[in-house]
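Okay, here's the structure, questions in a sec.
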Amino acid sequence: MTSLCASGQLLGSRPSVRLSRHANRQTCRPSRHQRMQTQALFGNKGGADGGGGKNPFAALGNMGNIMENVKKAQQLVQVEAAKAQEELAAAEFEGYSEDETVRVVMSGNQEPKSVEITETAIEQGSDKLSKLVTEAMRDAHSKSVEGMKSRMKELSSNLGLPAGASLGL
């Protein structure tokens, strides 16, 4: 009876075949004259040639630098985002009431900087003055938000991010 074992040797045709305890099973053992070759998980490190085998991951290219590249990209995004936030904090956006008797100045971070009220606005009474200040605040705020959105779009474009990508700020 001749069959193949897992290593491809013919059972029953070599002196390496021996019967196991169970008469129906045969095991495949190398003969005394064959050299045993061991292989490590990532190559032939223990083999007869003594040298290491080829790295099976070498076909994937330069994957070892991916984490380094990701860290560099992360740092670039953080530096550019911090610069954009500083620019926005320094920027000023003016908002006016409908009749331009109240002027509000806000930063690019939507922080109020100043409010200027004319004598004409004060003479209109407290209820009307409140409405004028609110109009000017809304105008300044919407301009500030629009300025921030514009700067963030510019930043994401410079970083090569797709339109609408969140920078997590």
Subject >> Check against salt bridge (charged side-chain N to carboxylate O under 4.0 Å, His left out), Glu68 and Lys71 >> reply: CA-CA 5 Å; Glu68 185 178 327; Lys71 286 179 184 179; over 6 Å; no
Original post:
How about Lys131: does its NZ atom have over 12 heavy atoms from other parts shown lying under 6.0 Å from it?
Top reply: no
Subject >> Ionic contact status for Glu80 with Lys83, cut-off 4.0 Å >> reply: yes
**OP:** State yes or no: do Leu132 and Val115 share one hydrophobic cluster built from I, L, V, M, F, W and Y residues joined by side-chain heavy-atom distances below 4.5 Å, directly or via other members?
**Re:** yes
Original post:
So how far is it from Thr118 OG1 to Glu123 CD, rounded to the nearest 0.5 Å?
Top reply: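 Rounded to the nearest 0.5 Å, the OG1-CD separation comes to 8.5 Å.
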Original post:
Quick one: do Ile122 and Met137 end up in the same hydrophobic cluster if we chain Ile, Leu, Val, Met, Phe, Trp and Tyr together by side-chain heavy atoms under 4.5 Å apart?
Top reply: yes
Subject >> Short side-chain to backbone donor-acceptor contact, Thr134 and Ser130, under 3.5 Å >> reply: yes
**OP:** Give a yes or no answer on whether the side chain of Ser142 reaches the backbone of Arg138 with a donor-acceptor pair at less than 3.5 Å.
**Re:**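 Answer holds: yes.
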Subject >> Under 3.5 Å: donor-acceptor pair, side chain of Gln110, backbone of Gly108 >> reply: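 The answer is yes, because a donor-acceptor pair under 3.5 Å joins these two groups.
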Original post:
Shortest non-hydrogen contact from Arg151 to Leu88?
Top reply: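 Looks like CB-CD2, 4.1 Å.
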Original post:
Is the backbone of Val133 close enough, under 3.5 Å, to the side chain of Ser97 for a donor and an acceptor to pair up by distance?
Top reply: no
Subject >> Shared hydrophobic cluster for Leu155 and Met148 (ILVMFWY, side-chain gaps under 4.5 Å) >> reply: yes
**OP:** Quick one: closest heavy-atom pair of Val102 and Ala121, and the distance?
**Re:** CG2-CB, 4.0 Å
Original post:
At what distance, to the nearest 0.5 angstrom, does CD of Glu111 lie from OG of Ser144?
Top reply: 9.0 Å
Original post:
Nearest heavy-atom pair of Pro112 and Met106: which atoms, and what distance?
Top reply: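 Nearest heavy atoms, Pro112 then Met106: CA-CG, 4.0 Å.
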Original post:
Would you say Ser157's side chain and Lys153's backbone share a donor-acceptor pair under 3.5 angstrom?
Top reply: no
Original post:
Closest approach of Asp99 and Gln124, non-hydrogen atoms and distance?
Top reply: OD2-NE2, 3.4 Å
**OP:** Heavy atoms only: give me the nearest Ser107-Ala89 pair and the separation to one decimal.
**Re:**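 Nearest heavy atoms, Ser107 then Ala89: CB-O, 3.7 Å.
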Original post:
Has Glu87 got more than 12 heavy atoms of other residues, nucleotides or ligands less than 6.0 Å from its CD?
Top reply: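 Correct, the count exceeds 12.
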Original post:
Going hydrophobic residue to hydrophobic residue with side-chain gaps under 4.5 angstrom, can you get from Tyr96 over to Phe93?
Top reply: no
Subject >> Side-chain donor or acceptor of Glu92 paired with backbone N/O of Val105 under 3.5 Å >> reply: no
